[in-house]
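Owing to the predicted nature of the structure, the values given are computational and were not obtained by experimental measurement.
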Amino acid sequence: MHELAHLHFADADASYEDARYAVFGVPYDGTTSFRPGTRFGPRAIREVSFNFESYDPATKIDFSEVPITDLGDLAVSRLPEEVAGEAADVAGDIVRDNKVPVMLGGEHTATVGAVRAVRPDVYVVCDAHLDLRDELDGTPYSHGCVTRRVLEAVEDVVIIGARSGDREQFEIAAERTHLYTADTVRERGIDAVLREVREHVAERRIYLSIDADAIDCCLTPGLGTPEPFGMTPLDIREVVRALAPYAAGFDYVEVAPFDSGQTAAVAAQIVREFIARHWLAGR
């Protein structure tokens, strides 16, 4: 890792020793299958984070008083399996030091490594895509294979917001995951879905991953693989508010900042939301 010159997540001013939350970025999009650009996601999220007041009126938390550090970006390798390993090394160090890893992406592949390091009981992901391919474009570590790889380490997987995948992936999802499609979220309402997910999670440790394309691309178009008819930013906020207290690790990935900044802005606020809700819960 190396420190980004004069750029870190807003209010991430604590020393590593004092920090409870350790932010790091993975600027990688080497397996992009449609539009490149997510390697610029971590920087865009950090930049826009300075737009917001440090005080969060919903929780009455001032982020300047929360011990957050920003470790900068990984100097990533070219091969996706090595990127996953590098993310695992960093997240593993953070967890061993009794801190919470908060990863900024960058493509979703890095999540495989972070999950392996955190070793949660449950993996919860908001994603437009099932990501249950065993291989894509010659590699099992493609961004389209993330949830399939996670299933090798975590048996209990919850997917929220999916609306894209081939027939085989939907069959695997039905057999091996708890799937709430974007249509399910819209028909049942996010509150009803989250009541069920919370009951399922109970008090177990989770890893919570937010793929930016879970949100309808008409609302946040800065995406490498855009899909319409998805969740809303408010839906994602409710997911984070409900599940952050149980999370031992978190990421927000797949931000490709070639829009007018709205995708990165949502990401930065959701990262803040995660930290605030986790801190408030005293975990």
Side-chain angles (χ1 to χ4, degrees), residues 1 21-26 28 30-31 38 41-42 71 74 76-77 79-136 139-162 169 172-173 176-179 197 200-201 204-214 236 239-240 243-254 270-271 274 278 283:
M1 289 184 297
Y21 304 94
V23 178
F24 68 99
V26 186
Y28 180 75
T31 76
T38 57
L71 302 176
L74 274 68
V76 293
S77 302
L79 298 177
E81 61 269 30
E82 293 182 4
V83 174
E86 290 159 356
D89 289 343
V90 175
D93 287 343
I94 293 168
V95 171
R96 281 189 291 273
D97 291 334
N98 196 34
K99 306 177 193 305
V100 179
V102 177
M103 186 172 70
L104 311 178
E107 72 169 52
H108 215 162
T109 298
T111 297
V112 176
V115 170
R116 288 176 177 172
V118 172
R119 301 175 65 184
D121 301 308
V122 187
Y123 173 69
V124 181
V125 59
C126 294
D127 199 329
H129 308 90
L130 292 174
D131 289 351
L132 285 167
R133 299 179 187 274
D134 194 40
E135 183 179 284
L136 182 62
T139 175
Y141 283 90
S142 166
H143 72 113
C145 306
V146 173
T147 305
R148 185 69 169 266
R149 297 285 78 79
V150 167
L151 277 168
E152 296 170 354
V154 183
E155 293 184 358
D156 199 340
V157 169
V158 178
I159 304 172
I160 304 173
Q169 290 183 77
I172 293 170
R176 301 188 59 187
T177 78
H178 301 269
L179 173 62
V197 173
H200 175 73
V201 169
R204 294 183 293 165
R205 294 170 69 252
I206 71 170
Y207 186 100
L208 179 57
S209 178
I210 307 296
D211 186 319
D213 63 31
I236 298 298
V239 170
V240 171
L243 300 180
Y246 311 103
F250 175 77
D251 65 55
Y252 202 111
V253 298
E254 297 282 351
I270 294 297
V271 169
F274 170 79
H278 191 278
R283 300 279 177 148

Between Arg205 and Val118, is there a donor-acceptor pair closer than 3.5 Å when you use the side chain of the first and the backbone of the second? yes
side-chain hydrogen bond (donor to acceptor under 3.5 Å, both in side chains) with Glu135: which residues, sequence neighbours excluded? none
For Glu82, what residues pass the side-chain hydrogen bond (donor to acceptor under 3.5 Å, both in side chains) criterion, not counting sequence neighbours? Ser77
Is there side-chain contact between Thr147 and Leu130, with heavy atoms separated by less than 4.5 Å? no
Between the NE2 atom in His143 and the NE2 atom in His129, the distance rounded to the nearest 0.5 Å is 8.0 Å
Close side-chain approach of Ile160 and Val124, heavy atoms under 4.5 Å: yes
Residues Phe274 and Ala244: closest non-hydrogen pair is CD1-CB, 3.6 Å
side-chain hydrogen bond (donor to acceptor under 3.5 Å, both in side chains) with Thr31: which residues, sequence neighbours excluded? Glu107
Within a strict 4.5 Å, meaning less than it, do heavy atoms of the Pro80 and Tyr28 side chains meet? yes
Looking only at non-hydrogen atoms, find the nearest pair between Ala87 and Leu74 and report the distance. N-CD2, 3.7 Å
What pairs with Tyr21 under side-chain hydrogen bond (donor to acceptor under 3.5 Å, both in side chains), at least two apart in sequence or on another chain? His278
If you count every heavy atom of other residues, nucleotides or ligands that lies below 6.0 Å from Glu155 atom CD, does the total exceed 12? no
To the closest 0.5 Å, what do you measure between CD1 (Ile270) and CD1 (Ile210)? 7.0 Å
Indicate yes or no: at least one non-hydrogen side-chain atom of Val90 is less than 4.5 angstrom from one of Pro101. no
Indicate yes or no: at least one non-hydrogen side-chain atom of Val154 is less than 4.5 angstrom from one of Tyr207. no
Donor-acceptor contact present, side-chain Glu254 to main-chain Asp211, <3.5 Å: no
When every non-hydrogen atom of Ala114 is compared with those of Ala91, the smallest separation belongs to CA-CB, 4.1 Å
Check whether any side-chain heavy atom of Leu79 lies under 4.5 Å from a side-chain heavy atom of Thr139, and answer yes or no. no
Just do the side chain to side chain contact (heavy atoms under 4.5 Å, CB included) check on Ile172 and Arg148 with the steps written out, would you? CA-CA 9 Å; Ile172 293 170; Arg148 185 69 169 266; 3.4 Å; yes
Could you pull out the closest heavy-atom pair between Ala88 and Ala117, with the gap in Å? O-CB, 3.4 Å
Can you check whether Val125's main-chain N or O pairs, donor with acceptor, with Ser209's side chain at less than 3.5 Å? no
Going by salt bridge (Lys or Arg N to Asp or Glu O under 4.0 Å), name the pairs with one or both residues in residues 83-94, residues two or more places apart or in two chains. Asp93-Arg96
Given side chain to side chain contact (heavy atoms under 4.5 Å, CB included), test Leu243 with Phe250 step by step and report yes or no. CA-CA 10 Å; Leu243 300 180; Phe250 175 77; over 6 Å; no
Identify the residue among Asp134, Thr111, Thr109 that makes a side-chain hydrogen bond (donor to acceptor under 3.5 Å, both in side chains) with Arg149. Asp134
Shortest non-hydrogen pair, Cys145 vs Leu136, comes out as SG-N, 3.7 Å
Quick check for you: to the nearest 0.5 Å, what is the distance between Leu71 atom CG and Met103 atom CE? 13.0 Å
Side chain to side chain, His200 and Asp156, heavy atoms closer than 4.5 Å: yes
For residues 117-133, pull every pair meeting salt bridge (Lys or Arg N to Asp or Glu O under 4.0 Å), keeping only residues two or more places apart or in separate chains. Arg133-Asp166
Is the closest side-chain heavy-atom distance between Leu151 and Tyr123 below 4.5 Å? no
Check against side chain to side chain contact (heavy atoms under 4.5 Å, CB included), Tyr246 and Arg204: CA-CA 7 Å; Tyr246 311 103; Arg204 294 183 293 165; over 6 Å; no
Nearest heavy-atom approach of Val115 to Pro120 is O-CD, 3.5 Å
